Number of protein chains: 2
Amino acid sequence: MTFVFNERDGCGKCPIRHRAICARCDADELVRLEGLKSYKTIEAGQTIIWRGDDLSHFSSLVSGIASLSRTLEDGRTQMVGLLLPSDFIGRPGRDVVEFDVTAVTDVTLCRFDRKPFEQLVDEIPHVSQRMMEMALDELDAARDWMVLLGRKTAREKIATFLEMIVRRDQTPVHSGGQHVLPLTREEIANFLGLTLETVSRQLSVMKKDGIVAFSDRRHFAITDLEALHAATGDDADGGMII
Amino acid sequence: MTFVFNERDGCGKCPIRHRAICARCDADELVRLEGLKSYKTIEAGQTIIWRGDDLSHFSSLVSGIASLSRTLEDGRTQMVGLLLPSDFIGRPGRDVVEFDVTAVTDVTLCRFDRKPFEQLVDEIPHVSQRMMEMALDELDAARDWMVLLGRKTAREKIATFLEMIVRRDQTPVHSGGQHVLPLTREEIANFLGLTLETVSRQLSVMKKDGIVAFSDRRHFAITDLEALHAATGDDADGGMII
DNA sequence: CGCTATCTTGAATCCCTTCAAGTCGCGTGG
DNA sequence: CCACGCGACTTGAAGGGATTCAAGATAGCG
């Protein structure tokens with residue numbers, strides 16, 4: 001981590017201050033939020049909330065990566081979303097979650113008790129406006145992902161995934177074009193609707209094709225950005241939102 | 001159609017009065033909306049908006065069915081949502097649409113010019129609250145569908161689809177358990193991430209299994225509801241939201 | 001009555017999965 | 001320091017479910 005988050009700093013120094021649900025809030029509104037919040041950290045691999053659990057808190061992801069997923073009776077798992085810093089967990093007007101939320105890396109949450117938070121949402125339009133904006137962005141992203149899951153080949157899925165990782169990578173300095181792959185092969189497979197073997201095979205093919213180069217299992221660089229995009233199956237301008 | 005919608009009736013008689021974006025509005029707010037609205041009808045098969053088009057209007061679907069879809073360069077198409085009466089088209093804060101919107105049946109829209117409508121959203125919390133609620137419901141539905149697209153078999157997809165149609169069927173009297181199939185085999189295929197041949201084959205299998213009976217290509221009845229649910233791959237309580 | 005779009009069914013093919021056998025990398029402890 | 005063990009990953013071979021290509025059946029409509 002190049003960046004260390006310090007819980008004692010106020011909202012003003014919060015790394016997600018300008019992208020989270022509080023993005024539009026003014027100083028007064030921030031003070032109100034400040035009085036309600038508390039932090040919680042979760043270790044990589046731990047489940048944050050199980051599907052069907054009571055939603056006692058509403059949270060913003062401050063640092064780390066979490067996943068949203070569902071598992072069918074027989075164990076087949078599908079990831080339905082990746083939560084990055086500034087994304088929120090929970091929703092007003094519903095008291096249970098529909099998906100399992102799991103910490104992919106170590107995670108820090110900024111939490112609010114549900115009841116007071118819901119009241120606050122009604123009273124501070126800046127919060128509800130921002131939440132709607134974020135919900136609609138997520139909806140577009142989810143629909144983009146549906147196209148991938150329903151119609152793309154394994155190769156196209158991998159290419160689209162890598163392109164998304166690169167686009168969303170917020171590493172301050174893209175150190176020599178190196179990017180971190182935050183997921184294991186199995187997690188990638190569950191995200192793309194594939195098996196881990198197919199993910200591994202397709203990554204090998206793209207290595208051989210000179211599109212991507214791995215320095216180790218978790219670090220890669222794109223060596224041919226155009227070829228990567230051509231392999232996604234998307235048209236020139238069309239891009240994923242997520 | 002058992003129900004005939006009459007444009008001359010006020011919002012008070014509107015069939016989607018209590019489910020659309022206006023659901024929470026009081027009488028005064030309704031008057032304001034009433035002054036802005038206009039109706040438009042679209043024939044089955046016509047495109048309502050193309051992906052990338054400027055979003056000049058914001059609309060609620062009053063009657064009929066529309067689809068949201070995207071087509072890749074080479075013609076592969078994935079439907080990402082079915083729009084039923086009360087669903088809305090467009091989103092505040094963005095001026096182009098990300099997906100093609102097509103009338104599956106004849107469709108009636110209740111439209112608002114975008115600029116005045118966006119202003120109204122900011123001023124009437126009852127509208128923005130309801131829109132957020134609807135957006136979050138759609139998000140859950142989209143994520144449910146991602147599980148289907150990524151992990152379910154053809155048979156499970158078909159079973160889930162039929163179950164969804166039955167659950168959402170609003171036919172006043174379920175005439176003898178008969179339901180209307182509003183989509184062609186090809187449209188179903190594009191919705192489920194399959195080919196039309198596979199859809200046809202799986203429907204035949206389920207007929208032979210005594211789960212569903214077709215009176216003609218567009219009308220069916222579920223003859224074994226439990227077997228249908230067992231074939232979806234979902235657990236007992238878990239259900240799609242869409 | 002016959003045309004045409006829609007749908008069904010069959011046969012061959014293919015891409016991804018499944019099953020299986022290694023390889024790699026890293027932390028642990030002798 | 002290196003052997004050991006284990007989880008993560010890679011690669012191969014076989015199998016299967018969905019697609020593709022093709023032919024025919026059905027139904028709606030002029």
Side-chain angles (χ1 to χ4, degrees), chain A residues 43-46 67 72 74-78 102 104-105 148-162 180-209 212-220 231 233, chain B residues 43-46 72 74-78 104-106 148-162 180-209 211-220 231 233:
Chain A
E43 265 179 33
Q46 297 299 307
S67 72
L72 298 177
D74 59 0
R76 283 172 291 175
T77 298
Q78 178 64 51
T102 310
V104 174
T105 64
L148 175 145
L149 292 172
R151 290 301 186 204
K152 290 194 176 180
T153 63
R155 182 185 169 89
E156 290 170 335
K157 286 177 174 181
I158 295 288
T160 307
F161 171 73
L162 290 178
V180 178
L181 202 56
L183 306 178
T184 65
R185 300 293 184 264
E186 185 175 17
E187 288 165 336
I188 297 171
N190 288 338
F191 198 22
L192 298 177
L194 297 170
T195 59
L196 68 92
E197 293 95 331
T198 300
V199 170
S200 182
R201 264 185 263 272
Q202 291 298 331
L203 284 174
S204 297
V205 172
M206 298 188 80
K207 267 186 278 184
K208 208 166 52 186
D209 290 353
V212 63
F214 279 80
S215 57
D216 67 51
R217 287 166 171 179
R218 290 291 190 130
H219 296 268
F220 69 96
Chain B
E43 265 179 35
Q46 298 299 307
L72 300 176
D74 60 0
R76 283 173 290 174
T77 298
Q78 179 63 51
V104 173
T105 65
D106 288 351
L148 174 144
L149 292 172
R151 290 302 185 202
K152 290 194 177 183
T153 64
R155 182 186 169 88
E156 289 170 335
K157 286 177 174 182
I158 295 288
T160 307
F161 172 72
L162 290 176
V180 177
L181 202 56
L183 307 178
T184 64
R185 300 292 185 265
E186 185 175 17
E187 287 165 338
I188 297 171
N190 288 337
F191 198 21
L192 299 177
L194 297 170
T195 60
L196 68 93
E197 293 95 328
T198 300
V199 170
S200 182
R201 264 185 263 272
Q202 292 298 331
L203 284 174
S204 296
V205 172
M206 298 190 80
K207 268 187 279 185
K208 209 166 54 188
D209 290 351
I211 294 177
V212 62
F214 278 80
S215 56
D216 66 53
R217 287 166 172 178
R218 290 289 190 131
H219 296 267
F220 70 95

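Residue numbering restarts at 1 for every chain, and letters A, B, ... go by the order of the sequence lines. These numbers come from a predicted model, not from an experiment.
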- line: Considering only heavy side-chain atoms of A:Arg217, the closest of C:dG25, C:dT8, D:dT20 is C:dG25
message: Strictly below 4.0 Å, N to O, side chains only: are B:Arg151 and A:Asp74 in salt-bridge contact?
response: no
query: Hey, does the side-chain of A:Arg76 have a donor or acceptor N/O within less than 3.5 Å of a partner on the base of C:dT17?
result: no
field: Distance in angstrom units between B:Lys152 NZ and C:dT17 P, rounded
entry: 18 Å
Residue whose nearest DNA chain D nucleotide is more 5′ - B:Gln202 or B:Glu197: B:Gln202
- line: On DNA chain C, more 5' by nearest nucleotide between A:Thr153 and B:Thr184 is B:Thr184
- prompt: With sugar-phosphate meaning primed atoms plus P, OP1 and OP2, does B:Thr198 contact a base, only sugar-phosphate, or nothing at under 4.0 Å between heavy atoms?
  reply: base
statement: Picking from C:dT9, C:dC16, D:dG28, the nucleotide nearest the side-chain atoms of B:Asp216 would be D:dG28
statement: Between B:Phe220 and the options B:Leu181, B:Leu203, B:Val180, the side-chain contact (heavy atoms from CB on, under 4.5 Å) test singles out B:Leu181
Length of the CD1-C1' vector between B:Ile158 and C:dT8, whole Å: 14 Å
query: Roughly how many Å is it from CG in B:Leu194 to C1' in D:dT20, rounded to a whole number?
result: 14 Å
task: To the nearest Å, give me how far apart CD (A:Glu186) and C1' (D:dT10) are.
output: 15 Å
query: Quick one: the side chain of B:Arg201 and the base of C:dG10, do they pair up donor-acceptor inside 3.5 Å?
result: yes
message: For B:Glu186, is the CD atom crowded, meaning more than 12 foreign heavy atoms sit under 6.0 Å from it?
response: no
message: By the 4.0 Å heavy-atom rule, please label B:Leu203 as base, sugar-phosphate, or nothing.
response: nothing
- prompt: Whole Å only: how far is the CZ atom of B:Arg218 from the P atom of D:dC29?
  reply: 11 Å
- prompt: How close or far is atom C1' of D:dT11 from atom NZ of A:Lys207, stated in whole angstroms?
  reply: 11 Å
task: Write down the distance between NZ (B:Lys208) and C1' (C:dT9), rounded to a whole number of angstrom.
output: 11 Å
message: As an exercise, state the distance from CG of A:Leu196 to CZ of A:Arg185, rounded to the nearest 0.5 Å.
response: 9.5 Å
- prompt: Does C:dT9 have OP1 or OP2 sitting under 4.0 Å from an N or O in the side chain of B:Ser204?
  reply: yes
query: Charged N to carboxylate O below 4.0 Å: is that the case for A:Arg218 and A:Asp216?
result: no
message: Let's see if you can work this out: which of C:dC7, D:dA18, D:dT11 has an atom nearest to the side-chain heavy atoms of B:Arg185?
response: C:dC7
message: Whole angstroms only, please: what is the CG-P distance between B:Leu196 and D:dC21?
response: 13 Å
message: Heavy atoms only, 4.0 Å cut-off, all strands: where does A:Ser200 land among base, sugar-phosphate and nothing?
response: base
